[in-house]
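See structure below.
Lettering of chains follows the sequences in order, A, B, ..., and the numbering in each one begins at 1. In this text the structure is predicted, and so the values were computed from the model without any measurement.
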Amino acid sequence: MTAPEPLIRVEKMQHSYTMAGESMTVLKSLNFSINHGEFVAIIGPSGSGKSTLMNMLGCLDVANEGDYFLDGQEIRKLSDNRLAQIRNEKIGFIFQNFNLLPKLSAVENVELPLIYRGMSHRERREIARNALVRVGLASRMNHRPSELSGGQQQRVAIARALAGTPPILLADEPTGALDSKTGKEVLEMIKELNVQGHTIILITHDLEIAEQAKRVIRIQDGDLVEDRKVVPS
Amino acid sequence: MMLYQSMKMAFKSILSSKIRAFLTMLGIIIGVSSVIALVAVGQGTTSQITESLSSLGTNQLTVNIMGRGATTSLTYEEALALNEIEGVDNVSPVISGNVTAKHGTENVSVSVEGITPAYEEVQDFHVQSGRFLLEMDTEYRQKVALIGSDTAEDLFGTDNPVGQKVQINGSSFKIVGLLESKGSTSVGSSDEKLLIPISTAERFLQSKGVRSITLTTTSNDNVDDVKTKLEASLTAKFSAAENAYSVFDSREMLETVNETSATLSLALGGIAGISLFVGGIGIMNIMIVSVNERTREIGIRKAIGAKKKNIMMQFMIESVVLSGTGGLIGVALGLGASWAVGNYTTLNVAPSWNMVLISFSFSLIIGVLFGMIPASKAARMRPIYALRNE
């Protein structure tokens, strides 16, 4: 018997940019895999290549070399449209600066990934409302992002990531733009989501935040330098 | 579903910057409204002229005599002799001049035409009371006159002019008939004139003779044939001098009018095309600005699963909504302007629904064409680049 296929499998992933005629290797032959239900923090200083790695994992970009399997799907060979569809179905993004659309209300922002799935108005409104209730924003459905606090905006973004029920939540410095108290709340919410069964990949440069995860992958100069389980304290 | 959502978004973003949207649409608004208004005026005028021409019938020939050397006109007998040309039905020679007509203390300057009885049928101009001029009147050089309705009112007020006397350049004429009212046309009023027998006019006006003859042919089909013979006969009379006379047939005039209006329409279409094109460039310009401003939005949408075609669609719809709204405003403005011209000036207007439809669809097409480049620029954007953009 072979082990069940992991949710994410990265093999010899390598990526380099050419900048001003000079080739810069950002990722150097990375190998790791992430299983269903894990809570992984990818940590590294700025310039370590962790943002590039997150773009690769989030299917926003495709690595020059190596293989990436997401939920059994080979990512390298796919067209832009297919990648868009995979992002839509497989990945829930939570960004540092929330990335909400300012002209849309909270519920409309949460609906957005469902629109691109071709879901009917009534159906997606229902799902979006439920997602907002889940993150505790039942009373803020029709507020614009500018009418919400930073913590509330990030919760709208989490609701948006949850709405499409993707197998992976990809959080890029989710607390980076928040004060420490709201940051802690948002992190608690993310931990709670993991308890409920969501697979979470958390990108951060902050070791303290990374320690909240169950597994830490440390990236330095494009190399995987550490991959360890976190012992609950 | 996507379409509805995109249209809602497009309207939202237009409403959020009203002045910018309005300025963007201005080119289209001006283009569409000017085409509709100008074409309405052009077609109104054309149809008016066409109508008055075709009421004369298409079997008419008009001869104008400029003359050559000492022979500057025909006598009316010579003119009547044209009747002998095969295919000619009626000949109506006219001697015209200007006179002062007087009744009691009323005094008007009016044009007078010496005519034969054939005039009634050829010009389709009848009396509303009294009688028309008769052969006898011509034969005996009777001092009788028909009076136009406006002139009658000037001289006699509300009295019935028939049977009354009028002094024309000092000579007394008896009014035997009141002409029907024809209203004014582009060539002047038909209701301000006096008609007298041609033989009387020849003497009375001391005119050199007939300079204008209108003929009708026996049918619509032999107009060209008769024209050729007529020209041959006139050429003989004027010793082959060119420019001594000219012959028009009403079909030719209709054709001239139609050609002119076709040229006019083409010119209008050109102006419209240019202004819509310029309007389109305005739309493309603002759409490119809009795409650049919303790079981040495009990045977010792509990150959460928008495909190229979704982004393309969104910006195309925005562009078409912009140009279409401009087109609608233009249609309203153009129809309003046509209505105002028709109501407050003497010009005839005929707003053409075809033109409304064409210019509006043109504005939509402009939106599609000029939205294409900005929209595909947006659609091609790479999500990581677009997300990095602040």
- prompt: Would you find more than 12 non-hydrogen atoms of other residues, nucleotides or ligands less than 6.0 Å from A:F69 atom CZ?
  reply: yes

- request: Decide, yes or no, whether a salt bridge links B:K307 with A:D80 under the criterion of side-chain N to carboxylate O below 4.0 Å.
  value: no

Straight-line distance of A:R87 CZ to B:I304 CD1, nearest 0.5 Å: 10.0 Å

task: Go through the side-chain N and O atoms of B:R388 and A:N55 and say whether any donor and acceptor fall under 3.5 Å apart.
output: no

- prompt: So which of A:Q85, A:R117, A:E89 has the largest heavy-atom pair count under 4.5 angstrom toward chain B?
  reply: A:Q85

message: Is it the case that over 12 heavy atoms from other parts of the model lie below 6.0 angstrom from the CD atom of A:E126?
response: no

- line: Closest non-hydrogen atoms of A:A84 and B:A306, given as atom of the first, atom of the second and distance, are CB-O, 3.6 Å

- request: Assess whether atom OH of B:Y385 is packed by more than 12 heavy atoms of other residues, nucleotides or ligands within 6.0 Å.
  value: no

Closest-packed option against chain A by number of heavy-atom pairs under 4.5 Å, given B:K308, B:R294, B:K309: B:K308

field: Contacting region of A:L100 [heavy-atom separation from chain B under 4.5 Å]
entry: backbone

message: For B:I19, I'd like to know if atom CD1 has over 12 heavy atoms of other residues, nucleotides or ligands within 6.0 Å.
response: no

- request: Report, as yes or no, whether the 6.0 Å neighbourhood of atom CD on B:E293 holds more than 12 heavy atoms from other residues, nucleotides or ligands.
  value: yes

query: Would you say B:F277 has more than 12 foreign heavy atoms packed within less than 6.0 Å of its CZ?
result: no

message: Tell me whether A:K12 at atom NZ has more than 12 heavy atoms from other residues, nucleotides or ligands lying less than 6.0 Å away.
response: no

message: I'd like to know whether B:K302 forms a side-chain contact (heavy atoms from CB on, under 4.5 Å) with A:L83, so could you lay out the CA-CA distance, the side-chain angles of the two residues, the decisive distance to 0.1 Å, and finally the verdict.
response: CA-CA 10 Å; B:K302 285 202 150 190; A:L83 284 178; over 6 Å; no

message: Heavy-atom cut-off 4.5 Å, strictly under: side chain, backbone, both or neither for B:R382 against chain A?
response: side chain

- prompt: Looking at CG of A:L104 and CD1 of B:I300, how far apart are the two atoms once the value is rounded to the nearest 0.5 Å?
  reply: 9.5 Å

task: Begin with the C-alpha distance, continue with both residues' side-chain angles, and end with the deciding distance and a verdict on side-chain contact (heavy atoms from CB on, under 4.5 Å) for B:I384 and A:M56.
output: CA-CA 10 Å; B:I384 42 166; A:M56 302 304 167; over 6 Å; no

task: State whether the number of non-hydrogen atoms from other residues, nucleotides or ligands found under 6.0 Å of B:I373 atom CD1 is greater than 12.
output: no

query: With chain A, which of B:G305, B:G299, B:S16 has the greatest number of heavy-atom pairs at distances under 4.5 Å?
result: B:G305

field: Separation between CG of A:L101 and CZ of B:R296, rounded to the nearest 0.5 Å
entry: 10.5 Å

